[in-house]
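Quick one: the structure is below, questions incoming.
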Amino acid sequence: MVRTAERTEKHSGYILRAYSNLHIQQSANIRPLNAQVCAWSYQNRSEVATSLAVMTEPNIARSLAPAPPGFQRRPSAEPQRQRKNISTACTACKARKWKCTGSAPCNNCVRSNTECIIDELSDNRRRLGLKRKLEELTEDKKLLVQLVETLRYSSNEHVMRLLDLIRNKSASLDEIKDYFDGKVTDSEFDTTPELQEVHDRLEARASRRSSRRLLDVTWLSNIPVVEVPAHPWTTVTDDDGLVSFLISLWLTWNHPFCNWIDRDLFIRDMRSKNTNCTFCSPFLVNSILTKASFYCDYPEVLDDVNDPESKGMHFYREAKELFERQDGRITIPTIQGYATLLTSTALIGKDRLVWLSLGQLGRMVADISSSHLPMQLNSDENKRVEGRAIDNTIWGVYNLTAMFSTIFMKPLDLKKPLRPRLPSDHDDEDVSVVAWNPYPRHGDDQPSHLACVFNSLSKLNELNVEATRRLLKDESRKAMSRPDIEIVVSSIFPRLQAWTISSPAYSSFAETCVESALQIAQMIRLYRSKWSIEFISGTAVYWVSIALFVLLDDLENPSNRRAFIDLCSVAMALSKQWFLAKGILRMLQITAKQMRVSLPPETEPFLQDFDSDMWRQERGRRRLSSAFPNFSLLFQRVTGAGGGLNDPIDLDKYLEKLDNFSKLEDLSRLEIAHSPPVTPS
DNA sequence: AAGGACACGGACTACATCAT
DNA sequence: ATGATGTAGTCCGTGTCCTT
């Protein structure tokens, strides 16, 4: 800088003198430089310059115009006179490419009566200018990240507001920043019909979103809930970051509902990297990573990068191999991993295998129960914690088995575990409350209520086991008279109402079913508005499907219709993640056709896509081995309400029989005896 | 037709950084 | 401290359009 300043100083004296003379010439004209003056200057200024040079400095011989192409300066004994640029021109002169005097207001701005702004910080040659530019770019990048995250993870209502701001209110970037900073109040929004339409389309398309993440901001700014090592737990990947990401996803979105694995002990042992520990094993880790892969869109979780259905299958394969190598040795992680693996197996459409494996799982639990007696209250803290984890695993397997029994409508003679439930984490100060937030989105921590959820689920499953056993005599799902059903329902339903707080009493069995389906739709709406369907637990496949079949019976009712549409779009989203959901959706489509139920037109666009793109191209039923029942047919059969007696009820067999027709319209020509839809009495 | 206003290609200069 | 170098800014000189 010093050097430059000196150099500039060295030249400034004679140059300024020369230019002040030129300005006498220019100021005689209205504009400093115009074609005519310039033309004159071009001819004469060299003479002026020369004479100036003679008069002032002997070495100034200035070329006033840019050299023509190919021009080469002749080597001369006389040094060329240098043009002097001012350091920073004002914004107006910059734009016009005029000579600026460099101090506000400059001559040109005075003459043209414009505002003269000289902003030295906008000069990107200077450190300060670069610093400011860097700050601006950093701010812009932050805004971009916020924008993408909002579009990706926020509720559609939130996205709609943002769209409103950008589209209808033409908000500037600063105003969008204000919105993110919470400086725009709710009252400043009023939704236009046009925007409502956009919102509706967004809702419909949410389920058809591409599974590829082309621009992943999350990963770059990602801090996992837990950091755990890949080695020595899996050979599929050595990427600790990916494994931490997957385990964090699983802990956030799946574990709260499958809480048969003690979170703290599992993480503690996984971090120890010791494969001889008590609460972690390579088999368990691979089972969890299989399940977690379904919540992730990175190519690393695909076994075959060209096959989106191969999510987590490399972890699945390794888990199965590890299980086979265990040679019947039963440990706590073996049971936990096996239960976890079965949930994935079911959701990829192989629940017949799961059904057969439940017996094996039960025997494992019996084995471990006999070797691990219920924990003693006088044990030391470590023993108590470990004992509680074992009790929890036993309850978890009970819950899982009860859930499958209920979903597949096949009764099992399940004994309630004689083990204590988890201590409540509401009031007990001794129990540390585990925080939960919607990872990978950032949100405020809130209590997870892990024990509370788990205990409630256990109580619910006790009711489920009893209901299934009393309603269905055996696995064949034999017919039962309508009055008998009503008696069982009236006995169990009040206890179910006591289990929930909000369920009002319903007068009939059918009304109970429909109201429950509407509540499921309501819960789904709540979930979607708070988080995102892509993170919902896989078990949602079951209860969303059951609700859809229930509502199929009475779509004339507007609230049923609305709930059906919502659930249908959710089923589409789930079918991208879980193969079983694809099969169930197909079954629903064919059943509706069989029952001659016309589906709401709002569901047509995505059901048509599903029919042509997702189902027919894959011929998916060949990959299914599922006993998930067709609830419409099952209901008709167990109540003796007529029709559909000749059709198989299990998903795989149903599709095998009825999915062979290239067009669903063909179904109407089939000679299958079907009664009109069963209407609630 | 004359002259003013404006746009802009590209020669030239300012600035920061690096090597010596 | 000085010179070489790369990048970004300045503005000369010319062409075109519009107004008087």
Side-chain angles (χ1 to χ4, degrees), chain A residues 1-53 55-141:
Chain A
M1 286 294 280
V2 173
R3 165 173 58 84
T4 308
E6 280 175 0
R7 198 167 61 192
T8 307
E9 184 62 32
K10 197 166 66 185
H11 291 293
S12 60
Y14 60 79
I15 291 170
L16 285 175
R17 278 196 295 280
Y19 262 75
S20 66
N21 283 325
L22 277 176
H23 274 283
I24 295 167
Q25 185 84 50
Q26 288 170 350
S27 59
N29 299 291
I30 294 172
R31 262 203 84 212
L33 296 167
N34 59 47
Q36 287 65 36
V37 173
C38 286
W40 178 87
S41 303
Y42 196 64
Q43 288 166 13
N44 300 286
R45 237 188 259 176
S46 58
E47 292 172 32
V48 174
T50 309
S51 60
L52 279 170
M55 286 189 292
T56 55
E57 295 282 341
N59 292 334
I60 300 175
R62 186 170 182 265
S63 63
L64 292 169
F71 172 83
Q72 285 197 326
R73 192 172 280 167
R74 266 184 309 182
S76 163
E78 295 180 20
Q80 295 290 311
R81 205 197 73 164
Q82 223 179 348
R83 183 175 93 189
K84 169 66 183 167
N85 291 347
I86 53 128
S87 178
T88 311
C90 76
T91 47
C93 289
K94 262 187 212 173
R96 293 181 171 90
K97 296 190 176 182
W98 287 356
K99 170 77 188 162
C100 183
T101 49
S103 55
C106 72
N107 292 351
N108 294 333
C109 288
V110 169
R111 227 170 273 127
S112 56
N113 196 26
T114 50
E115 192 185 5
C116 187
I117 301 166
I118 295 174
D119 179 12
E120 293 192 334
L121 291 180
S122 68
D123 188 339
N124 287 330
R125 292 169 305 184
R126 298 164 190 268
R127 275 195 218 92
L128 278 177
L130 285 171
K131 194 181 162 200
R132 187 169 79 168
K133 191 155 197 164
L134 186 67
E135 281 166 1
E136 283 171 2
L137 287 170
T138 308
E139 275 296 301
D140 287 349
K141 188 187 165 195

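Labels below follow one simple rule: chain letters A, B, ... track the order of the sequence lines, proteins then strands, and each chain is numbered from 1.
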key: With A:Ser87 via side-chain hydrogen bond (donor to acceptor under 3.5 Å, both in side chains) - residues at least two apart   =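 A:Ser87 satisfies side-chain hydrogen bond (donor to acceptor under 3.5 Å, both in side chains) with A:Arg126 only.
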Pairwise N/O distances under 3.5 Å, protein to nucleotides 6-9 of chain C:
residue : atom : partner  : partner atom : Å
C:dG9   : OP1  : A:Asn124 : N            : 3.2
C:dG9   : O4'  : A:Arg125 : NE           : 3.3
C:dG9   : O4'  : A:Arg125 : NH1          : 3.4
C:dG9   : N2   : A:Asn85  : ND2          : 3.3

For A:Asp140, side-chain hydrogen bond (donor to acceptor under 3.5 Å, both in side chains) partners two or more places apart =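 By the side-chain hydrogen bond (donor to acceptor under 3.5 Å, both in side chains) rule, A:Asp140 matches no residue at all.
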key: Distance in Å, A:Thr101 OG1 paired with A:Asn108 CG, rounded so as to fall on 0.5 Å steps   =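 The CG atom of A:Asn108 is 7.0 Å from OG1 of A:Thr101, to the nearest 0.5 Å.
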request  = Looking at every strand, decide which applies to A:Cys100 at a 4.0 Å heavy-atom threshold: base, sugar-phosphate, or nothing.
outcome  =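 Sugar-phosphate only.
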request  = In whole angstrom, give the distance that lies between atom CZ of A:Arg96 and atom C1' of C:dC17.
outcome  =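 That distance rounds to 16 Å.
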query = Within the pair A:Lys97 and C:dC11, is there a side-chain N or O less than 4.0 Å away from OP1 or OP2?
reply =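 For C:dC11, neither OP1 nor OP2 has a side-chain N or O of A:Lys97 closer than 4.0 Å.
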query = Nearest 0.5 Å, what's the NZ-SG distance between A:Lys99 and A:Cys106?
reply =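 Nearest 0.5 Å value for the NZ-SG distance: 10.5 Å.
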request  = Taking side-chain hydrogen bond (donor to acceptor under 3.5 Å, both in side chains) as the test, write out the residues that go with A:Thr91, two or more places apart.
outcome  =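 A:Thr91 satisfies side-chain hydrogen bond (donor to acceptor under 3.5 Å, both in side chains) with no residue once adjacent residues are dropped.
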key: Distance (rounded to the nearest 0.5 Å) between A:Asn107 CG and A:Cys116 SG   =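 Atom-to-atom, A:Asn107:CG and A:Cys116:SG are 9.5 Å apart.
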inquiry  = In this structure, how many angstroms lie between the P atom of B:dC6 and the CG atom of A:Asn108, rounded?
reply    =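 Distance check: A:Asn108 CG to B:dC6 P gives 11 Å.
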message = Requiring both pairing distances under 3.5 angstrom, list the stems that contain DNA chain B and are made of three or more consecutive Watson-Crick or G-U pairs.
response =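 Result, WC/G-U stems under 3.5 Å: B:1-20 with C:1-20.
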message = A:Asp119: which residues meet the side chain to side chain contact (heavy atoms under 4.5 Å, CB included) condition with it, sequence neighbours left out?
response =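 For A:Asp119, the residues satisfying side chain to side chain contact (heavy atoms under 4.5 Å, CB included) (neighbours in sequence not counted) are A:Leu121, A:Ser122, A:Arg132.
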key: A:Cys90 vs A:Ile117 side-chain heavy atoms within contact, under 4.5 Å   =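 A side-chain contact under 4.5 Å is absent here.
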message = Whole angstroms only, please: what is the NZ-P distance between A:Lys99 and C:dT14?
response =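 Spelled out: NZ on A:Lys99 to P on C:dT14 is 18 Å.
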key: Distance, rounded to the nearest Å, where A:Trp98 contributes CH2 and B:dG9 contributes P   =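 Distance, rounded to whole Å: 17 Å.
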